[in-house]
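Before any comments, here is the structure.
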Amino acid sequence: MEFPVDLNPQQRIAVDHGTGPALVLAGAGSGKTRVITYRIARLIQTGACRPENILAVTFTNKAADEMRERVHALLGPRRSAEPHISTFHSFCVRLLRRDIHLLGYRRDFSIYDADDQKRLMKQLLKEAGLSESELAPREAIGRISYAKNHRIPAHQYCAHFKAANSEETAELYRKYESRLRQSNALDFDDLLLKAVELLEQHPDRRDHYGNWYRFILVDEYQDTNRPQYEILRLLTSHHKNLFVVGDEDQSIYRFRGADIQNILRFEKDFPGARIIKLEQNYRSTDNILRVASAVVANNQERKGKVLWTRNPSGDVVTCHTGRSARSEAYWVCNRIEEILDEEPGTRIAILYRANFLSRNFEEVLRELRVPYAVVGSVAFFGRMEVKDMLAYLRIIFNPEDDVALLRIINTPPRAIGPTTVELLAKMAAERGCPLSAALADLSRDPARAGRAHRALAAFQSLLDRWASLRDTASPAELLRDIVRDTRYREMLERQESREEAESRMANVEELVRAALESGQRGETVFEFLDRASLASEIDSLDTAARVVLMTVHSAKGLEFDVVFLVGLEEGLFPHALSLDSARDLEEERRLCYVAITRARRKLFVTWTPMRRAIGPEGFVPASPSRFLD
DNA sequence: TAGCGAGGCTTTTTT
DNA sequence: AGCCTCGCTA
């Protein structure tokens, strides 16, 4: 293949960049994914580097898949080896599954997602005698996560944070960490942090991976956090071949630790870095672009790019004020009907700040019989029944996984109630052992008898049976056994309507199929579980859907012909929790910028004063978002 | 002591 | 739609 010529001068400079650090400041719609994929193809094609020595990092699995496909398309079918393209988290998991024993962990660790974290934290709050109204589990997790990402250990927590209940938080932090350790589990933060530790404490590993990955490319650099930055520094310490692409105006993940300073001070961190700006937008009409620029121009924390386009000016951006949340939804959905009537192939998105806003739009779309897809709230791997099945697998392969055990110990109900679970937890705490060990002992204790004991013994024998199959049966076979042995289907049919039970069982079947396929690809059970843990909602987005509903965060990196940005009210967008801080407000503004720049041809913005029926002091009508000005 | 139905409450953003 | 608590029953 002759190398493509459809690159503008700046893009070409970026693609042809040789060795050493480079920062590509790429405005929305300026072709940044294209630059990365072309560059990967170029490095391989010119022989500068073998494919397997390239590491490209993206933010979602979906982005990684797409990048892989595009590189394939550019290079054609001559498969010798593949460049390594994945998310930071998946990359770190791979590293850790191989080398984490060097840090004193076992390689069969479990991964705790947000839901698992919350369960663990609730348990800890209960043990500490704190009510959830004193300290919300999510709040506690958030603080601990912040401290971890800034490398502040529990015993130094109070010295850094002087909030009212920082002592309680520090104590929870200490217990949280020791419980994770004891459960042979890592949370999402740990996946990155342990990778940093590994590379820092074991220079031979750092050199090994650093030498292997000769060229490292990073997408969405503006959303990297501190541990991610450190991983990049460690891996590139010798060769400095770090090529990052990002847009400071699209940095929207501060709440989960992203540090916009990473992109703002790139030249300081990597002296001699080449800086390339991509300012020509190929996506949107000029009118849309001008609206976007006007919003984000109010920000201070910028490097300053001037986006421009050769596209036509297009329609003006329309703002609609709804009489109520419901009528806002009707207005939007009626416009959608009209648009699809005229041009059935149009790809349309309804974007909002918070998930719960989807409800009205979903209901109205259903009423009008317009097919749609929602991203969010209930992703496949987040479904109750799927998580139950995965918890069974986890406890079989990592018996120390307390959160998994607690999840399924009485699901389906098998007469192991709160009192019995409490007793197990007390035993485990006293002996400092995992719950499964306490369970095994208690269920085999000949001195005990009675109903509760019989229930425990029956459950233990189920666990023993599955454990004996662990090394011979495939995960898919195990899952089938679990469904059968636990009478899971019967539980669903007892608890829910027939339809509901059917659809949940269909999800379980789907999971079995996924396990089967994973096995056929030759993956281990851990690779299967890892993918389930790291899958995100956007990964499974059906790109064929004409109308999609999602949060603005989920929409980052996507584009649509027509965008409806809804719920533009003070307190909602910008969100009430961001109003006190200038930095948070800037992030809300960037979020708004992201939303606007998703649109190719048409943009509608809507709001309504009448969204919240109840406030603290009765009804309070909302004001239009400041972003509308 | 476990199970179950009723009823109230609540929703920032997520790898 | 999911989470919790409460009160009743076996």
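Order of the sequence lines sets the chain letters (A, B, ...), proteins ahead of strands, with each chain counted from 1. What you see below is based on every heavy atom in this structure, not just the backbone, and it leaves out hydrogens, waters and symmetry mates. On a predicted model such as this, the values are computed, not experimentally measured, just so you know.
- Between A:K387 atom NZ and C:dC3 atom C1' the separation is 15 Å, expressed in whole Å.
- Residue A:T419 places at least one side-chain N or O under 4.0 Å from the OP1 or OP2 atom of B:dA2.
- Rounded to an integer number of Å, the gap from CZ of A:R359 to P of B:dT10 is 15 Å.
- Checked against the 6.0 Å centroid criterion, the rings of A:F161 and A:H150 do not qualify as a close aromatic pair.
- Ionic pairing of A:D249 and A:R589 is not present here: no N-O contact between side-chain nitrogen and carboxylate oxygen is shorter than 4.0 angstrom.
- The nearest whole Å value for the distance from the CG atom in A:L577 to the P atom in B:dT11 is 10 Å.
- In this structure, the nucleotide among B:dA2, C:dC3, B:dT12 sitting nearest to the side chain of A:A354 is B:dT12.
- A:E569 places its CD atom 15 Å from the P atom of B:dT12, with the value rounded to the nearest Å.
- By the 5.5 angstrom centroid cut-off and the 30-degree plane limit, A:F88 is classified as not stacked against the base of B:dT15.
- Taking the side chain of A:T60 as heavy atoms from C-beta on, and the options B:dT15, B:dT13, B:dT1, the nearest nucleotide is B:dT15.
- Environment of CZ in A:R359: sparse, with no more than 12 heavy atoms of neighbouring residues, nucleotides or ligands closer than 6.0 Å.
- Closest to the side chain of A:P413, out of B:dT13, B:dC4, C:dC3, is B:dC4.
- Under the 6.0 Å distance and 45° angle rule, A:R256 does not count as a cation-pi partner of A:Y146.
- Taking 4.0 Å as the cut-off between side-chain N and carboxylate O, A:K387 and A:D113 count as a salt-bridged pair.
- Aromatic stacking of A:H89 on B:dT15: not satisfied for centres closer than 5.5 Å together with planes under 30 degrees.
- Within 4.0 Å of A:S578, counting heavy atoms only, lies no atom of the nucleic acid at all.
- The nucleotide whose nearest atom lies closest to any side-chain atom of A:R504 is, among B:dT13, B:dT14, C:dG2, C:dG2.
- Judged as a ring-ring contact (aromatic ring centres under 6.0 Å, His included), and not counting sequence neighbours, the contacts of A:F573 are A:F627.
- Looking at heavy-atom distances under 4.0 Å, A:R454 makes no contact with the nucleic acid at all.
- Residue-level contact check: A:R254 touches neither bases nor backbone, having no heavy atom under 4.0 Å from any strand.
- Minimum atom distance to the side chain of A:T87 is reached by B:dT15, of the listed B:dG3, B:dT15, B:dT14.
- Checking A:H575 against A:V421, the closest nucleotide of DNA chain B that is more toward the 5' end is the one next to A:V421.
- Here A:F59 lies in heavy-atom contact (under 4.0 Å) with sugar-phosphate atoms only.
- Listed candidates were B:dT14, B:dC4, B:dT11. Nearest to the side chain of A:R138 is B:dT14.
- The distance between atom CZ of A:R590 and atom P of B:dT13, rounded to the nearest whole Å, is 18 Å.
- Closest approach to the A:F188 side chain among B:dA2, B:dT13, B:dT15 is made by B:dT15 (side chain taken as heavy atoms from C-beta onward).
- Between A:N410 and A:E587, it is A:N410 whose nearest contact on DNA chain B lies nearer the 5' terminus.
- Side-chain nitrogen and oxygen atoms of A:S554 include at least one within less than 4.0 Å of the OP1 or OP2 phosphate oxygen of B:dT14.
- Going from atom CZ of A:R494 over to atom P of B:dC4 covers 6 Å, rounded to whole Å.
- Side-chain N/O atoms of A:T420 include one lying less than 4.0 angstrom from OP1 or OP2 on B:dA2.
- For C:dC4, one of the phosphate oxygens OP1 or OP2 lies less than 4.0 angstrom from a side-chain nitrogen or oxygen of A:K122.
- Rounding to whole angstrom units, CG of residue A:N355 and P of B:dT13 are separated by 5 Å.
- What separates CG of A:N149 from P of B:dT15 is a distance of 15 Å, to the nearest Å.
- With respect to the salt-bridge test (charged N to carboxylate O, under 4.0 angstrom), the residues A:R233 and A:E230 do not qualify.
- Nucleic acid contact for A:K118: none, since no nucleic acid atom lies under 4.0 Å from a heavy atom of the residue.
- Checked against B:dT11, B:dT13, B:dT14, the side chain of A:F356 finds its nearest nucleotide in B:dT11.
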